[in-house]
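Down below is the structure, laid out as structure tokens.
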Amino acid sequence: MKNKILALALSICFAVTAFAGTPVEDLITEYETAPGAKDFKAAGAAMALGRTFLRKHPIAPLADDIDEMLILRMQKTSPEVQEHFVADLMEVMKDYEYFGKQETRQGIVDVYYLLGEDQIVHELIVYNPNIYALNCLRGNMDPVDLMKIHKPVKDK
């Protein structure tokens with residue numbers, strides 16, 4: 001009987017761990033229902049469309065390595081919600097490595113990444129503070145391949 005209870009408890013622990021998201025994924029889940037927030041998620045077959053979108057941006061060299069895309073736009077939320085969102089985002093980003101600033105058509109963005117124990121980048125985060133847009137790109141990317149998207153921001 002004790003073995004059955006132990007097995008059940010371990011199963012529950014593994015199930016909770018399997019459904020736990022990354023810090024940014026949890027943040028997106030928390031804010032996606034805020035009034036004015038817009039979210040987009042693509043995985044599986046929907047990533048065919050997602051990769052087409054990615055190939056039009058500086059992230060294009062990594063498009064084939066991205067298996068899931070989560071986008072949260074907070075531009076049309078209230079200033080109070082935006083303030084809380086930014087504070088929560090900055091707290092969450094402490095768990096990520098900062099890659100640097102990138103210049104895009106939508107302005108300068110901050111890029112972060114989450115490196116797994118296997119030394120593979122499993123999550124790439126692109127945040128545009130001007131329009132409160134958070135992009136979470138998940139997959140298996142070689143850290144060396146990040147240099148394919150690196151274009152230093154020019155001094156103005």
Side-chain angles (χ1 to χ4, degrees), residues 15-117 120-156:
V16 169
T17 303
F19 289 108
T22 64
V24 168
E25 185 179 3
D26 291 344
L27 182 73
I28 290 171
T29 300
E30 180 180 341
Y31 280 93
E32 68 189 355
T33 58
K38 301 274 186 214
D39 70 307
F40 172 79
K41 297 177 183 180
M47 274 307 296
L49 177 63
R51 285 188 187 95
T52 300
F53 168 79
L54 292 173
R55 286 190 178 98
K56 296 177 182 176
H57 293 83
I59 200 80
L62 300 175
D64 291 333
D65 296 328
I66 297 170
D67 300 323
E68 184 178 8
M69 185 168 65
L70 305 148
I71 300 172
L72 179 65
R73 307 248 183 234
M74 299 292 289
Q75 189 173 19
K76 294 184 179 178
T77 60
S78 71
E80 295 81 18
V81 170
Q82 290 172 351
E83 184 179 327
H84 287 287
F85 169 72
V86 170
D88 289 346
L89 176 64
M90 292 303 110
E91 186 63 32
V92 164
M93 295 320 299
K94 291 177 182 177
D95 294 336
Y96 291 75
E97 297 292 325
Y98 185 65
F99 182 69
K101 294 190 178 299
Q102 297 288 109
E103 208 164 331
T104 69
R105 287 180 274 162
Q106 291 83 26
I108 295 174
V109 299
D110 291 305
V111 180
Y112 301 83
Y113 65 93
L114 187 62
L115 193 64
E117 290 178 12
I120 297 294
V121 174
H122 294 288
E123 195 171 31
L124 191 63
I125 306 301
V126 180
Y127 175 64
N128 187 330
N130 296 325
I131 59 172
Y132 300 94
L134 179 62
N135 300 278
C136 175
L137 309 168
R138 299 176 70 187
N140 294 305
M141 298 160 266
D142 188 319
V144 174
D145 289 342
L146 292 181
M147 295 314 293
K148 292 178 182 175
I149 65 167
H150 184 65
K151 292 182 177 57
V153 175
K154 298 173 185 157
D155 292 330
K156 295 184 179 185

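Atoms considered below: every heavy atom in the structure, side chains included; atoms not considered: hydrogens, waters and symmetry mates.
Summarising the geometry, atom CE belonging to Met141 is positioned 9.5 Å from atom CG belonging to Leu114; distances are rounded to the nearest 0.5 Å. Rounded to the nearest 0.5 angstrom, Ile108 CD1 and Asn130 CG are separated by 8.0 Å.
Pro129 has its side chain within reach of Asp110: a pair of non-hydrogen atoms, C-beta onward, lies under 4.5 Å apart. Between Lys38 and Ile71, every side-chain heavy-atom pair lies at or beyond the 4.5 Å cut-off. Contact check for Phe85 versus Leu27: side-chain heavy atoms found under the 4.5 Å cut-off. A heavy-atom distance below 4.5 Å is found between the side chains of Leu89 and Tyr127. Inter-residue side-chain proximity for Tyr98 and Tyr113 is flagged as unmet; no heavy-atom pair is nearer than 4.5 Å. Side-chain contact check for Ile59 versus Ile66: some heavy-atom pair is nearer than 4.5 Å. The side-chain heavy atoms of Ile125 and Phe99, taken from C-beta on, include no pair separated by under 4.5 Å. With contacts defined as side-chain heavy-atom distances shorter than 4.5 Å, the pair Ile131/Arg73 qualifies.
A distance-only check finds a donor-acceptor pair linking the side chain of Gln82 to the backbone of Met74 [under 3.5 Å]. Of the possible donor and acceptor atoms, none in the side chain of Glu32 sits under 3.5 Å from a partner among the backbone N and O of Leu72. Counting only distance, with no hydrogens or angles, the side chain of Asn128 and the backbone of Gln106 share a donor-acceptor pair below 3.5 Å.
For the salt bridge (charged side-chain N to carboxylate O under 4.0 Å, His left out) with Glu68, the qualifying choice from Arg51, Lys41, Arg138 is Arg138, the only one to do so. With Cys136 as the fixed residue, the side chain to side chain contact (heavy atoms under 4.5 Å, CB included) test singles out one of Leu124, Val126, Val24: Val24.
Counting heavy-atom neighbours within 6.0 Å of Glu83 CD, excluding the residue itself, gives a total of 12 or less.
Across every non-hydrogen atom of Glu123 and Tyr96, the tightest pair is OE1-OH, 2.6 Å.
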